[in-house]
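Since we're looking at a predicted model, the values are computed, not measured. Residue numbers begin at 1 in each chain, while the letters A, B, ... track the order of the sequences. Reckoned from all heavy atoms, side chains included, excluding hydrogens, waters and symmetry mates.
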Amino acid sequence: MLEVCNLSVNYRHTIAVENVSFVLQPGQVTGLFGSNGAGKSTIVKAILGLIPYSGGVAQWIGKPVTKQLNKVAYVPQRSQIDWDYPVTVERAVMMGRVATTGWFRNHSRKSKRLVRNALERVGMWQYRQRQIRELSGGQQQRVFLARAIAQEADLLLFDEPFNNVDQQTETIIFDIFAELKAQQKTLLVISHDLSETLNNYDQLLLINKRLIASGTKEEVLTNENINQAYQYFIEKAVS
Amino acid sequence: MLTWLIEPLEFEFMRQAIAIGLSLGILGAVVGSYLILQQMGMMSEVIAHAVLPGISIAFFLEINIALGAFIAGVLSALVVMGIQKRSRIKVDAAMALTLSSFLAMGVILITTLKTDQINLNDILFGDILGVTIGDVWRTVIITIIILVLTKLFYKELEFYTFDPLGAKACGLPVNLLHFGLICAITLTIVASMQTVGVLLVMSLLVGPAITAYLLVKELFQMMFFGSIIGMISTVAGMYSSYYFDLPSGAAIVMVIFVFFLLALLFSPSQGLVTEPEFKSKIFNYLNRLIGK
């Protein structure tokens, strides 16, 4: 169980996230929604300790998340990665095993098996010797998904996994979410796609610097909540 | 041909220069690979210039000049990172300011500490043909240390340079890894100063690594082929310097550049000439010429 309590983040002199609290249960997929600049990525990065936060706590089963990062898998936004980096698909997925393997050791047979299984699961095993630069956007996303699977984490955080991916990749990702859910993993997924894919989430969180609403699809997606979450865009459209 | 190759080796200064050149070819490519993958190519130039105040102070205190250079170099890299991290200022501007400020500090220190016996010309342009046996050993030892460390921390450094946020999210000590890379870069620069000088050291770090970058698909291949290119370049540069009476540092840099151009044009996977569209482009162009 992930508990986020009164999380606040300031970027120098502006407030990025204010007093956000929520709970994620094992065996659930939670969608984190909001407009651009609403603070979705900021929340995920703060939970992981990638950026300092000014207040609040993020705890995994009663202890700070940052003290047990070996139980967490993080899939960054595709735009944060240099896809020209000289690394093959297989080695990129193997990076998910680096922390578990530990210093001064070579990757174990178990790690190699996990990497192979993960790549087969996302349908990328036949591309293992390709340089990541030669892949399509959807394939690149699947490589990172495979890396997260190979990590064998209990808490998985995905930053915009559906951005610019093809239909096949989207289906694969949701299938894998369902499998991870069945394994009692906890998933948090950032997205802004308010379409029929919403049925894949057990819980929705709507963010606009602070938490606007949380709960089921019906509870969260009321006109009033959406207005609040996307206020800026509506005001801009009117003016 | 053989005598042509062997003749320069009869001189001790040439043998030492070649030994140091081979060593630097490897060192530059390995450290340079990390440098360019972090998009910090210009950082080598900052560090290379920022060593000056360190050299001046070390000279004044009569301690090892390389040590002073190393400390000042690392300090300058930390200043750049600090400015970049704590403000909105972009890294290129932070580097420009740091480079000139450290250089200015060096100029002032040389005057005020009366350490103007330091031969600025040697520091700026180096003289690979004037290295001593001690220089050779120092460079070889630095190269071996860096190679061992690279082997030991290869998987962590690969992860960190590819996906720093992902690496941090896995709990890797990314600040330590970054600091380690900065130290390795500075060490390489201090070791190469004497051979090609601070102005040209960037070429040894960046050139062989980016040439290999255009040819391979894995980091260790980049380091391996980069080392080969680096070694061939330094030796070829010295031979042309010997036979055509060229300044040795500049000759090395030009050979590195020629290798890069060849890779840029003819790389099987990424070359400008080898890309499928190239033939049709030329074809269209010729068609238009004939049409006229």
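Residues B:Phe159 and A:Arg91 fail the side-chain proximity criterion, which asks for heavy atoms closer than 4.5 Å. Residues A:Pro76 and B:Asp163 meet the side-chain proximity criterion, which asks for heavy atoms closer than 4.5 Å. Here the side chains of B:Glu218 and A:Gln131 are not in contact, with every heavy-atom distance at 4.5 Å or above. Residues A:Gln129 and B:Lys217 have side chains in contact (heavy-atom distance under 4.5 Å, counting atoms from C-beta outward). Side-chain contact between B:Ser269 and A:Glu134: absent, with no pair of heavy atoms (C-beta onward) separated by less than 4.5 Å.
A distance of 6.0 Å separates NE2 of A:His107 from NZ of B:Lys155, quoted to the nearest 0.5 Å. Note: B:Phe162 CZ to A:Trp83 CH2 = 5.0 Å, rounded to the nearest 0.5 Å.
For chain B, the option among A:Val65, A:Val87, A:Leu50, A:Ile132 with the highest count of heavy-atom pairs below 4.5 Å is A:Leu50. With respect to chain A, the highest number of heavy-atom pairs below 4.5 Å among B:Glu156, B:Gln221, B:Met222 belongs to B:Glu156. Between chain A and the options B:Leu219, B:Val174, B:Leu172, B:Leu165, heavy-atom pairs under 4.5 Å are most frequent for B:Leu165.
Only the side chain of B:Phe153 comes within less than 4.5 Å of a heavy atom of chain A; its backbone N, CA, C and O stay farther away. The part of A:Lys45 that comes within reach of chain B is its side chain, from C-beta onward, which places non-hydrogen atoms under 4.5 angstrom from that chain. Contact annotation for B:Arg88: both backbone and side-chain heavy atoms come within less than 4.5 Å of a heavy atom of chain A. Neither the backbone nor the side chain of B:Ser33 comes within contact range of chain A, judged by heavy atoms closer than 4.5 Å. Contacts between A:Leu48 and chain B at a heavy-atom distance below 4.5 Å involve the side chain alone, from C-beta outward. Of the atoms belonging to B:Gln39, it is side-chain heavy atoms, and not backbone ones, that fall under 4.5 Å from chain A. With a 4.5 angstrom heavy-atom cutoff, A:Gln68 does not touch chain B via any of its atoms.
Environment of CZ in A:Phe22: crowded, with over 12 heavy atoms of neighbouring residues, nucleotides or ligands closer than 6.0 Å. Surrounding CZ of B:Phe257 are at most 12 heavy atoms belonging to other residues, nucleotides or ligands under 6.0 Å away. Applying the 6.0 Å contact sphere to CZ of B:Phe225 captures no more than 12 heavy atoms from other residues, nucleotides or ligands. The neighbour count for B:Phe179 CZ, taken as heavy atoms of other residues, nucleotides or ligands under 6.0 Å away, does not exceed 12.
Within residues 94-106 of chain A, the residues having any heavy atom under 4.5 Å from a heavy atom of chain B are, by residue number, A:Met95, A:Val98, A:Ala99, A:Thr101, A:Gly102, A:Trp103, A:Phe104, A:Arg105.
In this structure a side-chain-to-backbone donor-acceptor pair under 3.5 Å is present from B:Tyr213 to A:Asp84.
Residues B:Cys170 and A:Gln151 approach most closely at SG-NE2, 3.4 Å, considering heavy atoms.
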